[in-house]
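Working notes, beginning with the structure itself.
By convention in this document, chain letters (A, B, ...) are assigned in the order of the sequence lines, proteins followed by strands, and residues within each chain are numbered from 1.
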Number of protein chains: 2
Amino acid sequence: MAAKGRVTIREVAERAGVSVATVSRVLSGNYPVPPATRTRVLRAARALDYVANAHARALVGGGRKMVAVVLRQVTSPFYAHVAEGVEAEAAERGWLCLVGTTGGDPQREMDFVQLMREEGARVVILVGGVVEDDAYRERVTHYAQALDAAGARLVLCGRPAPDPDIPALVVEFDNEAGAHALTSHLLSAGHRRIVFLGGLPGNTALDARVSGYRAALAEHGLPPEAAHVVDCGLGRGAGLRAMTELLKGDHDFTAVFAGDDMVAAGAIRALADAGRSVPDDISVVGYNDIPLAEDFNPPLTTVRTPSEELGRAAVRIALRDPEQAAGAHHLLGTHIVVRDSVAAPPPGRDTF
Amino acid sequence: MAAKGRVTIREVAERAGVSVATVSRVLSGNYPVPPATRTRVLRAARALDYVANAHARALVGGGRKMVAVVLRQVTSPFYAHVAEGVEAEAAERGWLCLVGTTGGDPQREMDFVQLMREEGARVVILVGGVVEDDAYRERVTHYAQALDAAGARLVLCGRPAPDPDIPALVVEFDNEAGAHALTSHLLSAGHRRIVFLGGLPGNTALDARVSGYRAALAEHGLPPEAAHVVDCGLGRGAGLRAMTELLKGDHDFTAVFAGDDMVAAGAIRALADAGRSVPDDISVVGYNDIPLAEDFNPPLTTVRTPSEELGRAAVRIALRDPEQAAGAHHLLGTHIVVRDSVAAPPPGRDTF
DNA sequence: TTGAAAGCGCTAACAC
DNA sequence: GTGTTAGCGCTTTCAA
């Protein structure tokens, strides 16, 4: 065995009795080499268990095929599915995929994007809704320009562009339409007092859902005051706490539109703890249709967002030729999945 | 703006009026440089928005701090948590983390490990239970030796080593103990006819759980025939189908020990569809305690496996010095989480 | 204190 | 056909 450390192309060349150029040629396979030589080289490489040094290769070859995904966390079903979609699409095309999580910390996000620039990622995908404040807008603008200057691409996945002029690609769900449809579903069942649980002012995804919710209410002839949004943010814990609070007050409602399925899970638990039955007393709907939504008690009515497809679409549009991709803004459709968490409101409570 | 492409250290040097060596020195920060020069260099780098080329750096520096995790899929809560643990621990130590998914395909696993060798990963972590066949043993032995020869480490995380002599680190849960405790819990509640749903012969994790289950049964004085294991494998779909089948037959049982929480979800659904009440007619327990297990109907009694901690432990032991790490085999404890899916068996059915 | 120069492992001209 | 060689962008002696 050679000394500790990796086997280099030189050692393979020596063993095969050829030059490093020849070894490089047979291994790359993009240059005609006589079968006899070829075999000798391959045999030597195999015997030495040689693996090329990706760094040296990337250095001379001008980068490598790599896409990076930036998420808040992988343990949330929604993000996990998007990541899976990105990974799958990248792998199918022979691209490497690196996923980084930020835990919602802007600093970690910046560090990671910086790292990806150092690593030469050719595509960077930022996933999920965010609170669009000035600091965020500035950050993203910088990412977009820096990446663009290096010939790489930034994809905003599940969020809009903070400014249409920055060099970024966008692919997202039509949250407003989805929320509108879901609210209409509740309205059709007879509900008039629907609280939206899980708002987060400034958050792109949630604001869009709230808009759809308000629009649907208005279209059904309800006054603006009919809308009641609780800004508790996302997550099971937030839903649980907010619903518990709400139940303590004297608010009157017959249905809850949860910002996402996890909020719905928390809300349902709070309702059960308070002795309220879902959906007999209160109807609940969620958003995203995570795999376990059908195992909730009761199975949850929610809107299906094809998350994995969102991830796949992100890499697909990023890998298209510049012309086609320029300024692209893709919208993915969603649809309601009806299960058992919605019923008509209790008698006499279907008015506002 | 410079020509399309990345800004190099040379451009920064020119702009600052110093040599590349000086720039390298101030950027690395591991060499004394007068404040004045330092400032000029930093200013130039900032103005050009310079980012070092990680490949060039790794090439000369002899690799980079990177750990790679190999999973079946990120959309399974268990794997996602392990991945999150690895990512978090790596990030805290300033290491890069790359996650690759295989979908259970050995070929993709091999390709990915090969890629990680090319990329110079210093730690490769293989996660989760597997079916240990000859091909697998051979593969892992090769990974271990190849990685070791390159000065890197292989960590088997959530699975034992196929052979104690290969240079690999191991960290896993004590599945046998966990299953033993859970089975005892069911036994204490009065159950005697407990079916194990979700066996997968040869799979390390599942075989261990089955062993714990059988051992507990035996200790309670039950005959070997009391054990009834259905080899349907893991996943919600598998649990749903297997339980539906089981209900069609004339098997008699009062409790089911599901191979993991997802199997439990499927089983519960099948039971509900068949009009059987959980836990009044049949008790059900799962394994892993995924976050949504408490939202099942009924909330699931299961065993808590600290998955994120498993991931963190994997990188922790891999990053320890050679002496300490050598032949290390770490076992993480687990404990039962009691919720509402277990009750005493219906009257008169507590015998075998 | 700083610069010149020698590589790290590989690919791609360019010779022969 | 196949070898020689010039870098890719960076770090790090070694001199000055």
Do A:R6 and B:R117 have side chains that approach each other closer than 4.5 Å (heavy atoms only, starting at C-beta)? no

Might you work through the side chain to side chain contact (heavy atoms under 4.5 Å, CB included) test for A:V123 and A:V155, ending with a clear yes or no? CA-CA 7 Å; A:V123 177; A:V155 183; 4.1 Å; yes

Considering every strand and a 4.0 Å limit on heavy-atom distances, what is the contact class for A:A52: base, sugar-phosphate, or nothing? sugar-phosphate

Round to a whole Å and report the spacing from CD1 of B:I9 to P of C:dG7. 19 Å

Rounded to the Å, how far apart are B:R117 CZ and C:dG9 P? 16 Å

Mind checking A:T22 for me? I need base, sugar-phosphate or nothing, with any heavy atom below 4.0 Å counting as a touch. sugar-phosphate

From A:I125, A:L156, A:L310, residue fulfilling side chain to side chain contact (heavy atoms under 4.5 Å, CB included) relative to A:V171: A:L310

d(CD, A:E118; P, D:dC8) in whole Å: 20 Å

Taking only the side-chain heavy atoms of B:N53 (C-beta and beyond), determine which of C:dA5, C:dC10, D:dG9 contains the nearest atom. D:dG9

Once you round it to whole Å, what is the distance between P of C:dG3 and CD of B:E14? 13 Å

Near DNA chain D, which residues from residues 27-45 of chain A have a heavy atom under 4.0 Å away? A:Y31, A:P34, A:T37

Under 3.5 Å donor-acceptor pair, A:R25 side-chain atoms to D:dG1 base atoms: no

Using the side-chain heavy atoms of A:T8, tell me which of these nucleotides is nearest: C:dG9, D:dT5, D:dC10. C:dG9

Using only atom types and a distance under 3.5 Å, with no angle test, would you say the side chain of A:S28 pairs donor to acceptor with the backbone of A:S24? yes

Taking only the side-chain nitrogens and oxygens of B:Y50, find out if one of them lies under 4.0 Å from OP1 or OP2 of D:dG9. no

Rounded to whole Å, how long is the line connecting atom NE2 of A:H55 with atom P of D:dC8? 19 Å

Where the side chain of A:L59 is concerned, which of C:dG9, D:dG3, C:dT11 is the nearest nucleotide? C:dG9

Short N-O contact, A:R316 and A:E309, less than 4.0 angstrom: yes

For a quick test of reading the model: is some side-chain N or O of B:R57 closer than 4.0 Å to OP1 or OP2 of D:dT11? yes

Is B:V41 close to B:V18 at the side-chain level, that is, under 4.5 Å between some pair of heavy atoms? yes

Spell out, as yes or no, whether a donor-acceptor pair under 3.5 Å connects the side chain of A:T102 to the backbone of A:G104. yes

